[in-house]
Amino acid sequence: MIQDSITKYIDSSRSDMILLLEKLVNTDSGSYTTAGVEKVAGFISEILIPLKFDVQMLPGGKYAPHLLACRKGNGTKKIMFLGHMDTVFDEGTARKRPFCIKGDRAYGPGVCDMQAGIVCLLYALKALEEAGFTDYGELKILFNSDEERGSETSEKYIIEECKKSDMVLVMEPGMPDDHVVIERQGGGIFNLDIEGKPAHAGACPLDGIHAIDEAAHKILAFHGLTDLSLGRSVSVGVINGGTRSNIIPEHVFMEIDLRARSHQDGLELMEKMQKIADTSYVPGTKSTLKKVMYRPPIEKTPGNAALYRTLTAAARKLGITVSETYCGGGSDGNYTSAEGIPTIDSLGPVGSLEHTDGEYMLIETLFSRCKLTALFIAELSA
């Protein structure tokens, strides 16, 4: 029985899984540490190639290359997995704060977001190989190197590859209390440049055009678009402007965060932001709004809900409790769900405090989520 074979293999691989997790966490792999991300890709390839996956590296531009791996099976269902190899931590963090275990938790940079998800998927695939299971049509894995920077160079690959798949499984961290995600908030990053005119603040202030004054009006207008009860928000998180207090400032740069629960809300917010950018509250100023990235929300589609039902059925067979939740953060699953491909997110091991020095993973969930992922693949293939 496939379930028994999966359970036996993963239970016998616990120490190996921890060793691989330690190796990944102790490799600096921040988005801009390209050599470290490439090293992580090498560790992954060393496991996938013996599993008969065709592994290739896709250009990542200023980031490390992205890893795409595919294996054909004997069935019909085409299953795509998404994950990322990069973390948010600077080079040198792994040396200062290496992998460690305290009680029932594992700590270290990127331990849950998302090196544990990588280990979880790799060993689920190893368990299926050990069981001789090939009833899927195709297994496709895309591990990118720039997810923590908004998937700037990998977005096109994610969208292109998901369109060839029947479903997408995202190995982002599981949420506390064993939640998975079939709804996520959408989000975007926007840059705004405001041009004014410099002048002496005391001798001839009227000769200048005050860019910071314009920015103040715009910030209030942007923030006025926020309605947290509807899951909509616009927040100016970065602002730089001016040179000296005795000079009327000629330029301001702002970085703006947008969040929306529905794609329609996101489109409306972007339209209203553009109107604010085009409005000159201070005569003579000129503003340019640029979209850096935008991830549409994962909405609760029938396809996403169907994946969740199959997951919970698999979980019951393993004696695991799984429930769904809504998440305010985004992931690459936002792109695939927006393309109409059934998507389920947060299948990785459970942890918390991502992006902080206190980030941790609950050790037992590395093994339970690995078993669940393997059985989920088998159930979806059927």
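Among the candidates D265, T226, D227, the single residue satisfying the side chain to side chain donor-acceptor pair (under 3.5 Å) test with R232 is D265. With L380 as reference, L307 is the one residue of D135, D166, L307 to meet the side-chain contact (heavy atoms from CB on, under 4.5 Å) rule.
Here H84 and F143 keep their ring centres 6.0 angstrom or further from each other.
A salt bridge does not link D86 with R149: every distance from a Lys NZ or Arg NE/NH1/NH2 to an Asp or Glu carboxylate oxygen is 4.0 Å or more. Using a cutoff of 4.0 Å between basic side-chain nitrogens and carboxylate oxygens, D193 and K290 are not scored as salt-bridged. Salt bridge annotation for R184-D345: present, with a cationic side-chain nitrogen under 4.0 angstrom from a carboxylate oxygen. A salt bridge links R295 and E147; the closest N-O separation between the charged side-chain nitrogens and carboxylate oxygens is under 4.0 Å. Between E138 and R71, no side-chain nitrogen of the basic residue sits less than 4.0 Å from a carboxylate oxygen of the acidic one, so the salt-bridge criterion is not met.
Ring geometry for Y360 against Y107 counts as tilted: the plane angle lies between 30° and 60°, on a 0 to 90° scale.
With sequence neighbours left out, K39 forms a side chain to side chain donor-acceptor pair (under 3.5 Å) with no residue at all.
L258 has its side chain within reach of F190: a pair of non-hydrogen atoms, C-beta onward, lies under 4.5 Å apart.
A donor-acceptor distance shorter than 3.5 angstrom exists from the side chain of E359 to the backbone of G110, with no hydrogens or angles considered. In this structure, the side chain of E214 engages the main chain of V282 through a donor-acceptor pair within 3.5 Å.
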